[in-house]
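What you see is a predicted model, and the numbers here were worked out from it, not measured in a lab. Basis for what follows: all heavy atoms, side chains included, without hydrogens, waters or symmetry-related copies.
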Amino acid sequence: MPLDLHEEGLPENPDLKVAQWLFLLDIDEAGIDKDDIWRQLQAVIQKDAMGPFCRTISAVLKPQEWKTTLVRLQTEAEKINEGELKRLEEAIENAQKNYGESEQKDALMAKAEYLCRIGDKDAAVSAFRVAYEKTVGLGYRLDVVFYLIRTGLFYMDHDLITRNIEKAKSLLEEGGDWDRRNRLKTYHGLYAMSIRDFKMAATYFFETMATFTSTELMEYRAFVKYAVFCCMVAMDRSDLKEKVINGTDIREVLHGFPELKGYVESLYYCRYDEFFRSLFWVEQEFKCDRYLATHSRYYIREMRIKAYTQLLESYRSVSLVHMAKSFGVGVEFMDRELSQFIATGRLHCRIDKVGGIIETNRPDSKNHLYQQTIKQGDLLLNRIQKLGRVINI
């Protein structure tokens, strides 16, 4: 389990749950209670007076009744925003006239945090940069950078995220406590997952599993779910056993998460028909998650290939009927599925349609490496020859 440091975590600002709710309102998937989501979103907009945020989400809201409510909420919020921003500006002016750099930094941060909370992205980013310049302590500077990364994650601004992840790494080279180092790994892992770098995400997630404190990004249960999803596609069977099946931190969560547990164990223990049923649940989880939705088809395809490969590695040949039965699908589906992956070089076997047999032909890795070296050598020689002709001219 992670350390009980929830109270020491950074504030949920911006609140990434709001971005997830907005994503759910914009997709057409069965089982989503959009009315309930809209009620939760209204409550947060009203509580935090998110005037600028209201302007950015009007296109997502479909029912006219919601749009009418949003206009009312925006009008009320903008009046509150105007008064609060005026007060914050006065506080900054007072700090600049009467106090030192520490008080000035606090006043600038208060304004930046408020702009971030109400959903004024551009103004918030600018305000955080001004506050960063006034900040002296390394830890405080890192906290400002974490704000910028979270803002990037909220709006999925890849440039903002990557630039500030690199900035955080640079700052941590100068020093920094273990909590902020671990926090950056969690942030980087989440972003890596969102851009389909599941291997990097799995590495970062596991390095912070026992000391997870980044509750401003997600709850621990969601963190473990993401870690398992990444490990299942990125790790081989032996690593999967060591880090997931026998991982004490994960097992504790899996005990109360039957769907996730079934997904992990069905593949590892070769219960392929159960694994295919679990994949349907995984697909729904991906489609309803704003970080994973665009990778749904890729992930499900890769996991099917992984399961087929795992079964085929146990045999020199196996009947098509037996394999179809193992996965709980029809023979025609299995034939069509395997043929597609064989044709693209993802499965190393061939189908004897007359005999109804699948024969494996494991690739010779040394020979493949030799052929790749020859091919790349030829390309290099051709380029050298072309370069030589240019130089001679």
Just say parallel, tilted or perpendicular for the rings of W66 and W38, cut-offs at 30° and 60°.
-> parallel
Can you establish whether the number of heavy atoms outside K325 located under 6.0 Å from its atom NZ is more than 12?
-> no
Is there a donor-acceptor contact under 3.5 Å from the side chain of K62 to the main chain of V60?
-> yes
Decide if atom CD of E29 counts as having more than 12 heavy atoms of other residues, nucleotides or ligands within a radius under 6.0 Å.
-> yes
With the threshold set at 4.0 Å, does a side-chain nitrogen-carboxylate oxygen contact exist between D157 and K121?
-> yes
Find out whether the Lys NZ or Arg CZ of R180 is both under 6.0 angstrom from the six-membered ring centre of F146 and within 45° of the ring's axis.
-> no
Carboxylate-amine/guanidinium proximity below 4.0 Å for D179 and R183 | yes
How would you list, by chain and number, every residue that makes a side chain to side chain contact (heavy atoms under 4.5 Å, CB included) with H322, sequence neighbours excluded?
-> Y315, V318, S319, S326
Salt bridge (Lys or Arg N to Asp or Glu O under 4.0 Å) between E274 and R277, intermediate numbers included = CA-CA 5 Å; E274 183 183 329; R277 290 193 293 273; 5.1 Å; no
Going by an N to O cut-off under 4.0 Å, is there a salt bridge joining R129 and E133?
-> no
Indicate yes or no: does R301 engage E337 in a salt bridge with an N to O separation below 4.0 Å.
-> no
Find out if a path of hydrophobic residues (ILVMFWY) with successive side-chain heavy-atom gaps under 4.5 Å connects L311 to M303.
-> yes
CZ of R237: more than 12 outside heavy atoms within 6.0 angstrom?
-> yes
Is it the case that one hydrophobic cluster holds both M218 and M156, taking links as side-chain heavy atoms less than 4.5 Å apart, direct or via other members?
-> yes
Do any N or O atoms from the side chain of S126 and from the backbone of A123 form a donor-acceptor pair under 3.5 angstrom?
-> no
Heavy atoms from other residues, nucleotides or ligands near CZ of R290 exceed 12 (cutoff 6.0 Å) | yes
Distance-only side-chain donor-acceptor flag, Y99 / D106, under 3.5 Å | no
Any donor-acceptor pair under 3.5 Å from D352 side chain to V354 backbone = yes
Ignoring hydrogens and angles, tell me if any N or O in the side chain of K111 forms a donor-acceptor pair with the backbone of E89 under 3.5 Å.
-> no
Joint cluster assignment, V125 & L85, ILVMFWY side-chain distance < 4.5 Å | no
Run the salt bridge (Lys or Arg N to Asp or Glu O under 4.0 Å) check on K97 and E93 step by step: do they pass?
-> CA-CA 6 Å; K97 287 180 179 178; E93 188 177 341; 3.1 Å; yes
Cation-aromatic face contact K241/Y268, 6.0 Å, 45 degrees | no
Ion pair present between E76 and R72, side-chain N to carboxylate O less than 4.0 angstrom?
-> yes
Checking side chain to side chain donor-acceptor pair (under 3.5 Å) for the pair E90/N94: CA distance, chi angles, key distance, verdict?
-> CA-CA 6 Å; E90 289 172 353; N94 182 49; over 6 Å; no
Is a donor on one side and an acceptor on the other found under 3.5 Å between the side chain of R150 and the backbone of N13?
-> yes
Taking 4.0 angstrom as the limit, do D15 and R117 come out as a salt bridge?
-> no
Counting only heavy atoms not in K67, do more than 12 fall under 6.0 Å of its NZ?
-> yes
Side-chain (N164) to main-chain (L148) donor-acceptor, under 3.5 angstrom | no
Measure from the side-chain N and O atoms of T203 to the backbone N and O of K199, and report whether any donor-acceptor pair falls under 3.5 Å.
-> yes
Of all residues at least two apart in sequence or in a different chain, which pass the ring pair (Phe, Tyr, Trp, His ring centres under 6.0 Å) check with F286?
-> F229, Y299
Are Y220 and Y204 grouped together when hydrophobic residues (ILVMFWY) are joined by side-chain heavy atoms under 4.5 angstrom apart?
-> no
Co-membership, hydrophobic cluster, residues I250 and M193, 4.5 Å side-chain = yes
Between R163 and E166, is there a side-chain N and carboxylate O pair less than 4.0 Å apart?
-> no
Evaluation steps, salt bridge (Lys or Arg N to Asp or Glu O under 4.0 Å), between E302 and K306 | CA-CA 6 Å; E302 291 300 309; K306 190 167 190 172; over 6 Å; no
Can E283 and R297 be counted as an ion pair, charged N to O under 4.0 angstrom?
-> no
Please confirm whether R271 makes a cation-pi placement over Y269, using NZ or CZ under 6.0 Å from the six-membered ring centre and within 45° of the ring normal.
-> no
Let me see the working for Y272 and Y308 under ring pair (Phe, Tyr, Trp, His ring centres under 6.0 Å), right down to the final yes or no.
-> CA-CA 9 Å; Y272 297 115; Y308 296 146; 8.7 Å; no
R141 charged N/C atom sitting above Y132 aromatic ring, 6.0 Å / 45° | yes
